[in-house]
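Note sheet for the following structure.
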Number of protein chains: 2
Amino acid sequence: MPAPDLYRARMKAASRARTNSPAPFPQAAGSNCSAHNCHSCDVRSLSLCDALADSELSRLDRITRRHRTPAGATLIREGDPMTFACNITSGTVRLSRLLHDGRRQVMGFLFPGDFIGLTRRNRFVFSAEAITDTDCCNFALEDLETLSKDNPRLQRKLYEMACSELDAAQEQMLLLGRKSALERVASFLLEVRQRQLQQGDDEDCIILPMTRGDIADYLGLTLETVSRSFSRLRQEQVIEICETYRVDLLDCPRLQDLSGNS
Amino acid sequence: MPAPDLYRARMKAASRARTNSPAPFPQAAGSNCSAHNCHSCDVRSLSLCDALADSELSRLDRITRRHRTPAGATLIREGDPMTFACNITSGTVRLSRLLHDGRRQVMGFLFPGDFIGLTRRNRFVFSAEAITDTDCCNFALEDLETLSKDNPRLQRKLYEMACSELDAAQEQMLLLGRKSALERVASFLLEVRQRQLQQGDDEDCIILPMTRGDIADYLGLTLETVSRSFSRLRQEQVIEICETYRVDLLDCPRLQDLSGNS
DNA sequence: CGGCAGTTTGATCATGTTCAATCACAGTGG
DNA sequence: CCACTGTGATTGAACATGATCAAACTGCCG
């Protein structure tokens with residue numbers, strides 16, 4: 001059973017810990033994206049907006065359904081019919097898949113700008129759970145298809161997003177198939193750093209809103225092994241664990257070496 | 001070092017073993033696909049053809065460069081600039097990635113109809129090697145982009161291929177992250193069966209043109225572990241190893257159970 | 001026949017898992 | 001205010017799965 005309260009506490013603390021914490025959703029709802037000054041885009045930019053000309057944005061607006069999901073709650077349940085796609089605008093989401101006996105594989109962590117729905121299946125094969133309070137924009141699949149039919153740029157954008165995800169998935173296959181526990185954890189820390197750089201947080205102090213168990217299920221390890229790897233990196237002065245969910249990357253070049261990516 | 005001669009021998013034997021062995025490339029070069037009666041499509045159907053109206057096929061024809069690669073030879077070297085995409089029309093190709101110290105992860109095996117080039121990177125991050133003699137159609141990336149720019153159906157087809165690959169990659173992440181050795185091997189056999197069903201070989205006797213080492217590097221195991229898993233499945237009467245590279249699936253339901261997919 | 005590449009099988013080893021105890025921290029209630 | 005509780009993290013010890021090392025086997029080709 002998840003513990004929404006604790007998750008929310010973690011989220012709040014993590015949020016506080018960020019130097020320039022962005023305005024949360026309720027305030028941002030009426031604000032406009034810098035590129036288009038439009039309603040559909042959020043502060044952090046809704047990735048589909050980039051693909052649309054100003055004149056087409058109102059159509060996107062009309063098919064957009066905003067949702068807020070509290071930390072610990074479920075956005076999508078494994079097996080749900082795939083009737084909509086979803087764009088995260090704030091928060092962190094965990095995508096995971098279960099084997100019949102309860103073994104879990106976390107397929108990925110989603111941050112603002114990330115998209116759910118790049119699949120040809122007619123049901124979701126993973127569940128999506130909010131790790132922190134999460135805002136997203138949902139689009140009925142048929143609406144999105146209608147819109148993309150006469151929007152080559154939107155179609156192109158979807159294609160590019162799928163390709164990017166594929167690149168990331170292949171990177172993860174290499175990690176899961178061939179890397180040692182320490183290499184996996186080092187790679188993970190660098191991946192999170194990379195994501196947070198893209199978000200504009202340009203420090204070497206990274207926020208990990210997910211639990212050690214989540215990280216373990218993402219890396220194909222147990223939470224104990226993840227914890228031991230963190231400890232070892234700390235002992236070797238490569239990282240500093242400021243708080244459980246806040247890690248300072250003291251020596252990124254070293255971390256790069258340890259990640260196995262030459 | 002690869003052993004081209006042996007690979008070729010394996011391929012020939014495997015080919016002979018198929019009941020309805022299709023005509024190899026040299027003869028098929030002038031033949032036309034059933035759907036369009038066109039030059040670009042091969043007997044086994046070139047996936048891009050499906051997306052094009054008859055009138056547009058000549059444009060595809062003009063940018064198509066056919067290649068034959070002998071077994072054991074390299075189509076793409078890791079690090080090569082991504083200047084072209086590639087559609088396999090016959091044969092089997094291995095996509096693999098190396099870690100600096102030589103550990104190898106096989107990202108996938110490609111069969112007729114499969115496509116290389118669904119990425120946003122400007123260099124190939126994997127190498128592609130022909131396991132058997134292989135025919136493919138190459139397209140300069142800029143030509144393909146020009147063509148897809150005013151062909152929404154082609155753009156859509158590329159998007160769908162990327163999504164399919166993504167679904168497959170996520171399946172593989174679950175396998176690599178959470179399945180036991182035996183479950184991985186069982187899943188692999190069923191995957192190959194599924195692929196060969198799609199190719200029209202509707203028997204429970206599957207052909208494995210790749211070596212045990214290739215399979216191991218695909219499943220994140222060692223070749224010894226793969227071999228032992230095969231032996232165990234044989235002992236338990238779930239499969240019969242007719243020849244090294246030909247396996248009879250005696251009990252598919254059982255294999256399904258053993259694969260971990262409930 | 002001998003050599004070679006690939007496979008199979010056995011014995012030993014090591015990495016990461018499992019089981020278990022303790023710690024840390026926040027929230028809660030007497 | 002402080003003990004009590006619950007969740008998650010850390011650390012230790014024993015264990016197991018799969019890796020590594022090694023030898024024998026198979027089939028093909030020269």
Side-chain angles (χ1 to χ4, degrees), chain A residues 1-14 16-17 71-72 101-104 131 175-185 208-217 219-235 239 241-247 260, chain B residues 1-14 16-17 71-72 101-104 131 175-185 208-217 219-235 239 241-247 260:
Chain A
M1 268 296 155
D5 292 332
L6 191 56
Y7 275 126
R8 203 168 297 130
R10 291 167 67 91
M11 182 275 298
K12 276 180 197 157
R16 250 183 280 113
D101 59 356
R103 280 172 290 175
R104 187 180 70 154
I131 292 178
L175 178 148
L176 293 169
R178 284 298 175 229
K179 288 190 182 179
S180 71
L182 199 69
E183 287 171 332
R184 293 180 200 205
V185 170
L208 303 174
M210 66 294 285
T211 67
R212 298 289 188 263
D214 290 338
I215 299 174
D217 285 344
L219 300 178
L221 301 168
T222 58
L223 65 91
E224 292 94 332
T225 301
V226 169
S227 181
R228 274 184 250 272
S229 301
F230 272 84
S231 297
R232 200 174 134 199
L233 289 173
R234 180 167 42 81
Q235 280 157 27
I239 64 172
I241 302 169
C242 314
E243 300 167 65
T244 302
Y245 44 86
R246 229 180 84 214
V247 175
Chain B
M1 270 296 156
D5 291 331
L6 191 56
Y7 275 124
R8 204 168 298 131
R10 290 166 68 91
M11 181 274 299
K12 277 181 197 157
R16 251 182 281 115
D101 59 355
R103 280 173 290 175
R104 187 179 71 155
I131 292 178
L175 179 147
L176 293 170
R178 284 298 174 230
K179 288 189 182 177
S180 71
L182 199 70
E183 287 171 332
R184 292 180 202 207
V185 170
L208 304 173
M210 66 293 286
T211 67
R212 299 288 188 263
D214 289 340
I215 299 173
D217 286 344
L219 300 178
L221 301 168
T222 59
L223 64 92
E224 292 95 330
T225 301
V226 169
S227 181
R228 274 184 249 271
S229 301
F230 271 84
S231 297
R232 199 172 135 200
L233 290 172
R234 179 167 43 81
Q235 283 159 23
I239 64 172
I241 302 170
C242 315
E243 301 166 64
T244 302
Y245 45 87
R246 230 180 83 214
V247 175

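Atom-to-atom, OH of Tyr245(A) to C1' of dG8(D) comes out at 12 Å; the value is rounded to the nearest Å. The interatomic distance linking Leu176(B) (CG) with dG18(D) (C1') rounds to 15 Å, in whole Å. Nucleotide dG6(C) holds its P atom 16 Å from the CZ atom of Phe230(B), rounded to whole Å. One can place CD of Glu243(B) at 17 Å from P of dG6(C), the figure rounded to the nearest angstrom. For the pair Leu219(B) CG and dG18(D) P, the computed distance is 12 Å after rounding to whole Å. When the P atom of dT8(C) is taken as reference, atom CG of Leu233(B) falls 12 Å away, rounded to whole Å. In this structure, Leu223(A) places its CG atom 13 Å from P of dT11(D), rounding to the nearest Å. Between the P atom of dG8(D) and the CD1 atom of Ile241(A) lies a distance of 18 Å, rounded to the nearest Å.
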- Where along nucleotides 13-19 of chain C does protein come under 4.0 Å, by heavy atom, of base (B) or sugar-phosphate alone (S), with - for untouched nucleotides? ---SBBB

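A distance-only check finds a donor-acceptor pair linking the side chain of Ser231(B) to the backbone of Ser227(B) [under 3.5 Å].
For Thr244(B), the listed nucleotide lying nearest its side chain is dT7(C); candidates were dA9(D), dT7(C), dT9(C).
For the pair Thr211(A) and dT7(D), the criterion of a side-chain N or O lying under 4.0 Å from OP1 or OP2 is not met. Checking the phosphate oxygens (OP1, OP2) of dT10(D), no side-chain nitrogen or oxygen of Arg232(A) falls inside 4.0 Å.
For the pair Val226(B) and Val185(B), the tightest heavy-atom approach, listed with the atom from each and the gap, is CA-CG2, 4.4 Å. Summarising the geometry of Ile241(A) relative to Arg212(A), their closest heavy-atom pair is CG2-NH2, 4.2 Å, with the distance given to 0.1 Å. Nearest heavy-atom pair, Arg184(A) versus Leu219(A), reported as atom, atom and distance to 0.1 Å: NH1-O, 2.8 Å. Taking all atoms of both residues into account, the shortest heavy-atom contact from Ile239(B) to Phe230(B) is CD1-O, 3.7 Å.
Every side chain to side chain donor-acceptor pair (under 3.5 Å) that Arg104(A) has, sequence neighbours left out, goes to Asp214(A), Asp217(A). Qualifying side chain to side chain donor-acceptor pair (under 3.5 Å) partners for Arg103(A), counting only residues two or more places apart in sequence or in other chains: Asp101(A), Glu183(B).
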